[in-house]
Amino acid sequence: MQNKDWWQEASIYQVYPRSFKDTNGDGEGDLKGVITKLPYLKDLGVDAIWLSPFYTSPNKDGGYDVANPRDVDSRFGTLADAVELIEKTHELGLRIIVDIVPNHFSTEHIWFKEALNSPKDSAARKRFHFYDGRGLTGEIPPNNWCSIFGGPAWSRVTEMDGSLGQWYLHLFDSTQADLNWNNLEVAEDFEKTLRFWLDLGVDGFRIDVAHGLVKDEIHRDHRDPEGLTRALRLDVSDMPQEQRESLLSDVPFFDREGVHEIYRSWRKILDSYPGERMSVAEAWVHPSSRAVRYVRADELHQIFNFDFLIAQWNSEFLINAIDKTLQEVAEVAAPATWVLCNHDSPRLVSRLGGGKLGLRKARAMALLTHALPGGVYIYQGEELGLEDAVLPDEARQDPVYFRTNGVDKGRDGARVPLPWDSKLKNYGFTTGEPWLPMPDNWQTNSVDQQQKNFVEGSAEEQSQFGLYQESLKLRKNLRGLSFSWIEKSDSVLAFSRGGGYFVFTNTTDGVIKRELPRTGDGTSIILSSVAGAELVDGHLTLPAHSTVWLQTF
Ligand code: NOJ
């Protein structure tokens, strides 16, 4: 496939395989399910898909606890299915990127088992962070860090002779042992994994916890480890901003200088393959000016910009986020990315308040986002207008829920399987029992209804799917066009792309009128997030909470 730099302004769709489509009735999605629904994704109009992990895993953290990164978990199918998926995706003219999880391995990985059966100071233990504890009997962990999922970041092992022994580091669940990236064997193994999937034809990688690989301060306690964990959590709102900023400005296990060397070597591998392979970093780095260091010319291609993932429906916030992002990526000549939701965060409609109003704001937010320069990431179900499902606690599976003793409900609400067909049991997701219960009011969100509701050219009848389909099609025309502000106020964001496209967003609950910067018969509305937008004599009427795209022909 040609198209150099295809990723720069691509629309990339995140498939969370476990919840996408089940074909064998076990209640969990599988790779064959993704294959059967590729035409749907083509029809939606995305350029590429990114698959969350489908590798061999005991599934303690939704597959981000990898036991064998070079094989497919039987729950998802076989390696042959993965090969077929890669081929079929390419046949449809789409690209495919896969997750790589370099910060940790599952404690079911053969290396960890070997480490448990080896003495301290052995080569097997040096692939992870094994240390003696402090205190008279080693009963105090090597440092006071907390796990990002709650509780301590260290667990103690039982040695082969039955005695309590060393501790190993896990920034996430205790079943996810952090790897020691100072060990050459670790780097070599990941190089092997990269090449394994590149040889099979994937177009790139999404790098999990890309900022976490290097830990060079293990022998120092943190001044406020619990505060730090809270500061790292997106849902904690009661912490004063100043305290949060201060804690996040120096996280001892994140964003250490050594990570950049790793990505420089990965870039060389990616560049050595034909066909423009790419990488995108999941790296929560503060301040964001440091985040763009991951996308310097000889490092990674993209880094998720999570500003919109936490954005409120507020002009000032949105304007600042856009300005900051565009300015920062320009400094390293990298393209921006925009993310409205993913499998770790509340769904967009819910975050914006839920219900009809939440959906209305989400539609306006999506059209605003799709008009910005750079790449867009779409999380499965976003195009159906799904909200987070309300789940009974007994159904929850996220380790965050368990490690915080239920204080934090975790991320399962955004991971409920997709509704494909309003007429079928479990909305056609599975013939078995879905791994998370599906709400009983998702009929209108189901793909069959969403696709039916799309009436071209009729904003009144546009479904969320129809709106996404239209904006993903139109945004292809914006590729490479310049961006300039027309208005930045507390009620309206307006900008032009290339001088021929205009985008207006009204973040208030009242109707707003604006005179167009360039009027004439040749300008018309090409897309609107709601009905009621009008252009009369060069005057634009913007309905409450809306985004409108115009084009001068
Ligand atoms: C980020 C992933 O998106 C999340 O789902 C996972 O729990 C953590 N990294 C740990 O791998």
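All ligand and atom numbering here is 1-based and tracks the order in the structure. Nothing fancy with the numbering, it's 1 onward along the sequence.
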From S471 atom OG to E383 atom CD, the distance as rounded to the nearest 0.5 Å |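 Output value for this atom pair is 11.0 Å.
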_For Y377, the option from W7, Y13, F304 that meets ring-ring contact (aromatic ring centres under 6.0 Å, His included)_ =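 Output: one option passes, namely F304.
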ring-ring contact (aromatic ring centres under 6.0 Å, His included) with F190: of F196, W197, F105, only one passes, and it is F105
#### Entry: E114 side chain near R127 side chain, heavy-atom distance below 4.5 Å
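Yes, close enough: below the 4.5 Å cut-off.
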Salt-bridged, D388 to R411, with N to O below 4.0 Å? no
Test side-chain hydrogen bond (donor to acceptor under 3.5 Å, both in side chains), reference S279, set H301, R267, E299, output is H301
I'd like the atom pairs linking ligand 1 to the protein - N or O on both sides, separation under 3.5 Å - with distances to 0.1 Å.
{"residue": "ligand 1", "atom": "3 (O)", "partner": "R206", "partner atom": "NH2", "Å": "3.0"}
{"residue": "ligand 1", "atom": "3 (O)", "partner": "H343", "partner atom": "NE2", "Å": "2.8"}
{"residue": "ligand 1", "atom": "3 (O)", "partner": "D344", "partner atom": "OD2", "Å": "2.5"}
{"residue": "ligand 1", "atom": "5 (O)", "partner": "H343", "partner atom": "NE2", "Å": "2.9"}
{"residue": "ligand 1", "atom": "5 (O)", "partner": "D344", "partner atom": "OD1", "Å": "2.7"}
{"residue": "ligand 1", "atom": "5 (O)", "partner": "R411", "partner atom": "NH1", "Å": "3.4"}
{"residue": "ligand 1", "atom": "7 (O)", "partner": "D61", "partner atom": "OD1", "Å": "3.3"}
{"residue": "ligand 1", "atom": "7 (O)", "partner": "D61", "partner atom": "OD2", "Å": "2.6"}
{"residue": "ligand 1", "atom": "7 (O)", "partner": "R411", "partner atom": "NH1", "Å": "3.0"}
{"residue": "ligand 1", "atom": "9 (N)", "partner": "D208", "partner atom": "OD1", "Å": "2.8"}
{"residue": "ligand 1", "atom": "9 (N)", "partner": "D208", "partner atom": "OD2", "Å": "3.2"}
{"residue": "ligand 1", "atom": "11 (O)", "partner": "H104", "partner atom": "NE2", "Å": "3.0"}
{"residue": "ligand 1", "atom": "11 (O)", "partner": "D208", "partner atom": "OD2", "Å": "2.7"}

